[in-house]
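What you see below is based on every heavy atom in this structure, not just the backbone, and it leaves out hydrogens, waters and symmetry mates. Convention: sequence-line order gives letters A, B, ...; per-chain numbering from 1.
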2 protein chains.
Amino acid sequence: MQNQFRCSCPCTSALDIVGDKWTLVIIKDMILLNNRTFKDFSESDEAIATNILSSRLKMLLEYEIIRKEKLPDNKQKNIYILTQKGLNLTPVIIDLIIWSDGNLRENHSTLLPTAQLDSVKNDKESFISMLIENYKKRNWKR
Amino acid sequence: MQNQFRCSCPCTSALDIVGDKWTLVIIKDMILLNNRTFKDFSESDEAIATNILSSRLKMLLEYEIIRKEKLPDNKQKNIYILTQKGLNLTPVIIDLIIWSDGNLRENHSTLLPTAQLDSVKNDKESFISMLIENYKKRNWKR
DNA sequence: CCGGATCCGTTTCGATACTG
DNA sequence: CAGTATCGAAACGGATCCGG
């Protein structure tokens, strides 16, 4: 299969990644819901098709925003883990959630997993750092 | 023509807008380059096709992220102006630019209009406020 | 069952030509 | 200049298949 994406054109990388509904959903659910397996993602509320999911995971691997590992206790299961580069997208995700909450009052359930919102608005910077540190503690055990 | 977008589903609004390469490009160029006319957008570096541009402007109007006006001194020319809701996306854009600069070193010209980067990294919050205030001063004259 | 890959009809994109 | 129409190409996404 040909690449469906153009890593050969780095100047548009940021928009390939963030300017795409599905990569954004995947990254958001990794950070906020700690999704890790193919199954986790394919069962998410946003109902991504498996072929699309597959193509996006490849793209994110290619960009080194995530990496692929085996579960230490279950060598069968593949898991996808955010790299530092991927975790660095946390501020973008959080700002998007804050915007969504403030400006799309009707319904923002897609972007808001919990009642963490107050905490976010209270001190955004520490909330972001906390998310990143918690993520690393849970998933970066080597 | 049928609507190409589904405003009937507000729960995915944020991703319709930000999870789309072109709406993101349009908003970014409004904030950073003060693009205002159809021509401005269609001549931007990213080379958006006129039909796509047209559909995205309609979508952004529908979401009230921009509004359409006539130039006061030239009743012929349509201009598109960010609303408050649209301007509230500035933090998302800026965070994306910062991420792009820090993590896609190869080439980030698409997202970086000027050498304002140092200023951003120095004090992000005031830079964002400044961008928004400047935008209003230039475009919100009634 | 899980992690995908393949197939295939439908939708959307996007380059260009065209119109008022 | 500000869009709209056209049309082939690409992407989507539901269903299905398949190896482990």
Side-chain angles (χ1 to χ4, degrees), chain A residues 1-9 11-12 15-26 29-30 35-62 66-81 110, chain B residues 1-9 12 15-26 29-30 34-62 66-81 110:
Chain A
M1 184 189 73
Q2 288 286 82
N3 274 346
Q4 291 182 11
F5 42 93
R6 308 140 309 265
C7 288
S8 54
C9 180
C11 66
T12 58
L15 292 174
D16 281 353
I17 298 156
V18 178
D20 177 87
K21 178 180 172 178
W22 295 121
T23 57
L24 219 50
V25 166
I26 291 170
D29 288 346
M30 292 183 84
N35 278 11
R36 301 195 299 173
T37 67
F38 196 91
K39 191 171 189 300
D40 289 341
F41 297 119
S42 65
E43 286 176 347
S44 77
D45 289 344
E46 296 90 355
I48 185 171
T50 59
N51 54 344
I52 306 297
L53 173 55
S54 182
S55 84
R56 294 307 193 277
L57 288 173
K58 272 180 199 159
M59 177 174 155
L60 292 171
L61 282 166
E62 187 86 18
I66 61 176
R67 59 171 183 269
K68 191 174 184 175
E69 295 177 3
K70 301 282 180 190
L71 264 188
D73 53 334
N74 179 349
K75 297 293 187 193
Q76 314 300 73
K77 253 179 132 62
N78 291 324
I79 56 173
Y80 298 91
I81 302 295
T110 306
Chain B
M1 185 189 71
Q2 289 286 82
N3 275 346
Q4 292 183 10
F5 44 92
R6 308 140 310 267
C7 289
S8 53
C9 181
T12 58
L15 293 173
D16 282 353
I17 298 156
V18 178
D20 176 88
K21 179 179 171 177
W22 295 119
T23 58
L24 219 51
V25 166
I26 291 170
D29 288 345
M30 292 182 84
N34 207 37
N35 279 11
R36 300 194 299 173
T37 66
F38 195 92
K39 190 173 190 301
D40 287 341
F41 298 119
S42 64
E43 287 176 347
S44 77
D45 289 343
E46 295 90 355
I48 184 169
T50 58
N51 54 343
I52 305 297
L53 173 56
S54 183
S55 84
R56 293 309 192 278
L57 288 172
K58 275 178 196 158
M59 177 174 157
L60 292 171
L61 282 167
E62 187 87 19
I66 61 176
R67 59 173 183 270
K68 192 174 183 173
E69 294 176 5
K70 300 282 181 188
L71 263 186
D73 54 332
N74 179 349
K75 298 291 186 192
Q76 315 298 73
K77 251 176 135 59
N78 291 325
I79 55 173
Y80 298 90
I81 302 295
T110 306

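- Between B:Y80 and B:I26, every side-chain heavy-atom pair lies at or beyond the 4.5 Å cut-off.
- Note on A:K39: a side-chain N or O is less than 4.0 Å away from OP1 or OP2 of C:dC2.
- Picking from C:dG3, C:dC13, D:dG3 the nucleotide with the shortest atom distance to the side chain of B:F38 gives D:dG3.
- Straight-line distance from the CG atom of A:D20 to the C1' atom of D:dG13: 14 Å, rounded to whole Å.
- OP1 or OP2 of D:dT4 lies within a sub-4.0 Å distance of a side-chain N or O belonging to B:K58.
- Residue B:K68 places at least one side-chain N or O closer than 4.0 Å to OP1 or OP2 of D:dG3.
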Short heteroatom pairs, N/O only, protein and nucleotides 15-20 of chain C, under 3.5 Å:
residue	atom	partner	partner atom	Å
C:dA15	N6	B:N51	ND2	2.3

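- Within the nucleic acid shown, A:Y80 comes within 4.0 Å of sugar-phosphate atoms alone, with no base atom in reach, counting heavy atoms only.
- Between B:S54 and D:dG3 there is no side-chain N or O to OP1 or OP2 distance below 4.0 Å.
- For B:W22 and C:dC13, the shortest distance from a side-chain N or O to OP1 or OP2 is not below 4.0 Å.
- OP1 and OP2 of C:dC2 both lie 4.0 Å or more from every side-chain N or O belonging to A:K77.
- Between B:D20 and A:K21, the closest side-chain pair of non-hydrogen atoms is not below 4.5 Å.
- Between the P atom of C:dG3 and the CG atom of A:N35 lies a distance of 12 Å, rounded to the nearest Å.
- Residue contacts shown for A:T37 are limited to sugar-phosphate atoms, with no base heavy atom under 4.0 Å away.
- Under 3.5 Å, the side chains of B:T37 and B:D40 contain a donor-acceptor pair of N or O atoms.
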